[in-house]
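A short write-up of the structure that comes next.
Keep in mind that this is a model prediction, so the values were computed, not measured. Labels below follow one simple rule: chain letters A, B, ... track the order of the sequence lines, proteins then strands, and each chain is numbered from 1.
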Amino acid sequence: MSFDPLIILSERFKQAIAAAFPDQPASRDADPLITPGRNPQLADFQSNAAMPLGKALGKPPREIASAILAKLDLTAIAEPFTDASIAGPGFINIRLSAAALAGLLGRLDTPSLGIDLPEHPHRIVVDLCGVNLAKQMHVGHLRSIIIGDALARTLTRLGHTVVRQNHVGDWGLNIAMVTAKAQAEHAAGRLSFSDLSLDDLERLYKLAQRECSADERGLAAALRWWAHPKAVAELETQVTGAREELAKAKATLVRLQAHDPETVAAWQRIADITMRACLETCARLHADVRAEHSAGESSYSEELALVVDDLARRAVAEESNGALVVRCEGIDEPCLIRKSDGGFLYATTDMAAIRRRVQKLGASRVIYCVDIRQGLHFKQIFCAAHKAGYAATPTGPALLEHAGFGMVLGEDGRPYKTRTGENIKLTDLIDEAIERAGAVVAAKSPDLPPAERARIAEVVAIAAIKYADLSNDRARDYVFSFDRMLAFEGNTGPYLLYALARTRSILRKAAEQPGGPPAPTQGAGAPLRLTEKHEKELALALLRYPGALRSVAQSLEPHRLCQYLYDLAGAFSAFYTNCPVLTAQGDATRASRLRLCALTERLLADGLNLLGIETVDRM
RNA sequence: GCGCUCGUAGCUCAGUUGGAUAGAGCGGCGGUUUCCUAAACCGCAGGUCGUGGGUUCGAAUCCCGCCGGGCGCGCCA
């Protein structure tokens with residue numbers, strides 16, 4: 001049986017509602033609408049079921065509430081009902097008894113912290129990171145890595161099998177351009193493949209982009225408006241040059257597709273350099289993105305023609321102005337899967353990816369952690385995939401979800417860039433955070449050994465970056481500010497690390513006393529005596545953990561877990577200042593409070609781990 | 001032009017899918033340390049939830065109009 005008050009109360013209320021109105025169909029699947037009490041003064045939990053039920057049955061809600069209470073037996077869990085139990089239009093207020101609270105908390109105190117395995121675990125693909133070859137990782141990748149990793153960790157924690165997929169942009173004309181450029185530079189003796197950095201590659205990439213983009217419109221305009229012959233000549237030269245470069249890139253793409261060894265070797269070198277840097281950065285961010293998670297666009301290249309033929313043959317796709325499109329009801333813009341020149345597009349690759357993820361990897365849920373501006377694109381390909389049957393599983397269509405995220409803005413409210421308008425490299429961002437965190441640690445904790453201080457600065461810095469990202473509504477833009485995230489005040493990663501460090505400090509001190517058990521087992525099994533207000537509130541906060549995790553898994557919004565952990569840390573801080581632990585009056589109280597500390601410690605650490613945030617013992 | 005999205009305290013943001021007197025943090029003012037980490041805790045001030053209508057017992061939340069911002073709209077990814 002569950003210890004989660006939300007679930008227990010929901011069950012009890014469901015039965016009571018059914019019993020109170022046995023002949024009413026509306027009462028059979030009425031949602032008990034149990035939530036934590038809006039106002040802690042009035043209730044620990046409340047049910048809002050009476051109001052909608054009153055509407056459905058045409059009776060006053062307070063009358064409904066009385067009828068529910070008459071059938072409701074919560075003697076083992078809650079304090080007796082009073083006149084105040086039914087309040088306002090028909091809220092039903094529930095106050096858990098101290099004994100019940102202690103009992104429930106005791107059942108949360110298991111190795112898994114009360115998180116039960118699901119009856120039917122899912123295989124879930126999480127698409128995250130999504131770097132491009134020959135490009136530095138910048139803030140545009142930050143959220144995909146951080147949010148995707150947190151979602152993957154949370155879903156894993158809930159007992160699902162998660163398959164991470166790094167959909168690397170490693171194919172297509174853009175990549176062929178930089179490959180061609182690198183080969184040309186190599187042939188000219190200006191470049192050595194053996195000591196090539198990602199910075200070099202990015203320079204080549206930009207150069208190739210520029211050289212391949214012809215100013216056709218400029219030339220047309222110049223001709224139409226009888227521009228100066230010299231200007232026209234310059235534009236003609238540019239356009240001719242660009243067309244040549246583009247032709248070279250296309251030829252390179254053909255050679256890549258034909259597995260030409262020399263071309264593939266150059267491409268592979270570019271991929272290796274990029275991926276090495278990518279995985280290093282992910283590791284610095286403590287995000288679990290490894291080589292085996294890479295499933296680049298190149299890995300689908302052989303499947304694209306098959307997919308397109310399949311869609312055309314089964315008439316899922318149709319021709320339109322020479323191109324092949326999939327039309328979906330409710331979406332005006334058709335989904336292009338083949339250009340009129342026969343080339344494939346990124347939607348083609350995404351269709352192939354859905355097919356593989358559901359059919360080969362066995363996913364019943366696919367989560368795309370990608371910029372929210374691609375919302376229309378995902379709407380299209382999800383619809384197209386369903387239409388094509390690619391998302392079908394034996395138990396019904398797989399759930400395809402776009403967990404889109406907003407942009408990272410600077411403090412001026414515009415996309416976060418350097419002063420010169422360049423993307424900010426993630427490595428620079430991380431370096432700066434660590435440097436700033438180091439300065440604070442040195443100021444606040446000068447007595448700690450330098451090596452430990454350095455470690456703390458690193459953990460705190462990454463926690464600050466990630467928590468700032470995760471604690472904001474995923475779908476919305478957020479303002480990036482070192483000062484705010486590293487101010488160590490309020491709803492920040494460092495605040496949570498600090499609360500956790502305080503729990504550990506108490507447990508450590510308790511363990512240092514002669515004859516005591518080691519820190520992790522302090523308070524283990526001690527009877528919980530929840531008499532003080534702050535003890536009860538801490539207990540209630542602890543019990544809400546499973547609900548918070550379920551909510552994240554359903555909504556794919558990690559900021560709900562952040563909010564929960566912040567509330568928990570706040571409840572602990574209040575407990576900490578008001579309820580002495582080591583110097584508590586009486587051994588029983590001391591043991592009970594130690595157990596509360598130990599539970600808080602485990603739960604905070606667990607929650608932070610799900611956010612992909614490492615912890616420290618002291619700070 | 002069509003579509004999506006946002007507008008909540010001076011600033012940065014929550015608001016449990018329609019519920020009680022709209023909450024945090026920062027900033028401002030004030031208080032707490034011979035006592036487990038003061039990177040903390042407590043109190044005060046600060047709001048016409050962009051705006052006008054509508055739906056109902058009840059709206060920041062749902063619907064419509066308007067104002068303002070952001071973004072996206074077949075042959076780039």
Q.
Any strand counts, and the cut-off is 3.5 Å on both contacts for Watson-Crick or G-U wobble. Which nucleotide pairs with B/C76?
A. none
Q. Distance check: side-chain N/O of A/K509 vs OP1/OP2 of B/U37, anything under 4.0 Å?
A. yes
Q: Can you tell me, in whole Å, how much space there is between the C1' of B/C4 and that of B/A9?
A: 29 Å
(Q) Nearest whole Å is fine: how far is B/U12 C1' from A/R484 CZ? (A) 4 Å
Q.
Just checking A/H402 against A/F382, ring centres under 6.0 Å apart?
A. no
Q.
Can you tell me if A/H534 touches the phosphate of B/C41, counting only side-chain N or O atoms and a distance under 4.0 Å to OP1 or OP2?
A. no
Q) If you check the A/N472 side chain, which of B/G19, B/C13, B/C41 turns out closest? A) B/C13
**Q.** Between B/G18 and B/A60 - C1' atom distance, rounded Å
**A.** 11 Å
Q: Give A/D31 one of three labels, base, sugar-phosphate or nothing, depending on what nucleic acid heavy atoms sit under 4.0 Å from its own.
A: nothing
Q | Residue pair A/K135 / A/T274: nearest heavy atoms and the distance that separates them | A | O-CG2, 4.3 Å
Q: Nearest-nucleotide wise, let me know which of A/Q554 and A/Y566 is further upstream toward the 5' end of RNA chain B.
A: A/Q554
Q. Looking at the side chain of A/Y498, which of B/G19, B/C6, B/A40 is the nearest nucleotide?
A. B/A40
Q: Quick one: label A/Y576 by what it contacts on the DNA or RNA (base, sugar-phosphate, nothing), any heavy atom closer than 4.0 Å.
A: base
Q) Think A/R502 forms a cation-pi with A/F572, using NZ or CZ under 6.0 Å from the six-ring centre and within 45 degrees of its axis? A) no
Q. Does a sphere of radius 6.0 Å around CD in A/Q209 hold more than 12 heavy atoms from other residues, nucleotides or ligands, not counting ones at 6.0 Å or beyond?
A. yes
Q. For A/P61, which contact category applies under a 4.0 Å heavy-atom criterion: base, sugar-phosphate, or nothing?
A. nothing
**Q.** nucleotides 68-77 of chain B: protein proximity per nucleotide (B base, S sugar-phosphate only, - neither; heavy atom, under 4.0 Å)
**A.** ---SSSBBSB
Q. Looking only at side-chain N and O atoms, does A/R502 come under 4.0 Å of OP1 or OP2 in B/U37?
A. no
Q) So, A/R455 and A/E614, do they make that salt bridge, N to O below 4.0 Å? A) yes
**Q.** Distance in angstrom units between A/E512 CD and B/U37 P, rounded
**A.** 10 Å
Q.
Assuming nearest nucleotide by heavy-atom distance, tell me which of A/L582 and A/N578 is located more 5' along RNA chain B.
A. A/L582
Q. Taking only side-chain nitrogens and oxygens of A/R560, does any of them come within less than 4.0 Å of OP1 or OP2 of B/G15?
A. no
Q) With both distances kept under 3.5 Å, what pairs with B/G18, Watson-Crick or G-U wobble? A) none
Q.
Which is it for B/U37, anti or syn, if anything within 90° of zero counts as syn?
A. anti
Q) Can you find a donor-acceptor N/O pair under 3.5 angstrom joining the side chain of A/N48 to the base of B/A20? A) no
Q. Which one, B/G19, B/U37, B/A14, comes nearest to the side chain of A/S505?
A. B/U37
Q) If we take the P atom in both B/C57 and B/G15, what is their distance in whole Å? A) 28 Å
Q: Can you figure out which of B/C41, B/A39, B/A14 approaches the side chain of A/S445 most closely?
A: B/A39
Q | Assigned partner base of B/C4, Watson-Crick or wobble definition, under 3.5 Å | A | B/G70
Q: For B/C44 versus B/U16, give the span between their P atoms, rounded off to a whole number of Å.
A: 25 Å
(Q) Of the options B/A39, B/U37, B/A20, whose atoms approach the side-chain atoms of A/Q46 most closely? (A) B/A20
Q: Report yes if at least one side-chain N or O of A/R590 is closer than 4.0 Å to OP1 or OP2 of B/C36; otherwise report no.
A: no
Q. Is the number of heavy atoms from other residues, nucleotides or ligands within 6.0 Å of NZ (A/K250) greater than 12?
A. no
Q | Length of the line joining A/I64:CD1 and B/C57:P, which is rounded to integer Å | A | 14 Å
Q. Of all the choices, B/C41, B/A39, B/G15, which nucleotide is nearest to the side chain of A/S573 once you look at every atom?
A. B/C41
Q: Using the P atom on both, measure B/G52 against B/A59 and round to a whole Å.
A: 15 Å
Q.
Checking one value: the base orientation of B/G31, syn if chi is within 90 degrees of 0, otherwise anti.
A. anti
Q | Base partner of B/C41, which must satisfy Watson-Crick or wobble distances under 3.5 Å | A | B/G31
**Q.** A/R436/A/D483 salt bridge by N-O under 4.0 Å criterion
**A.** yes
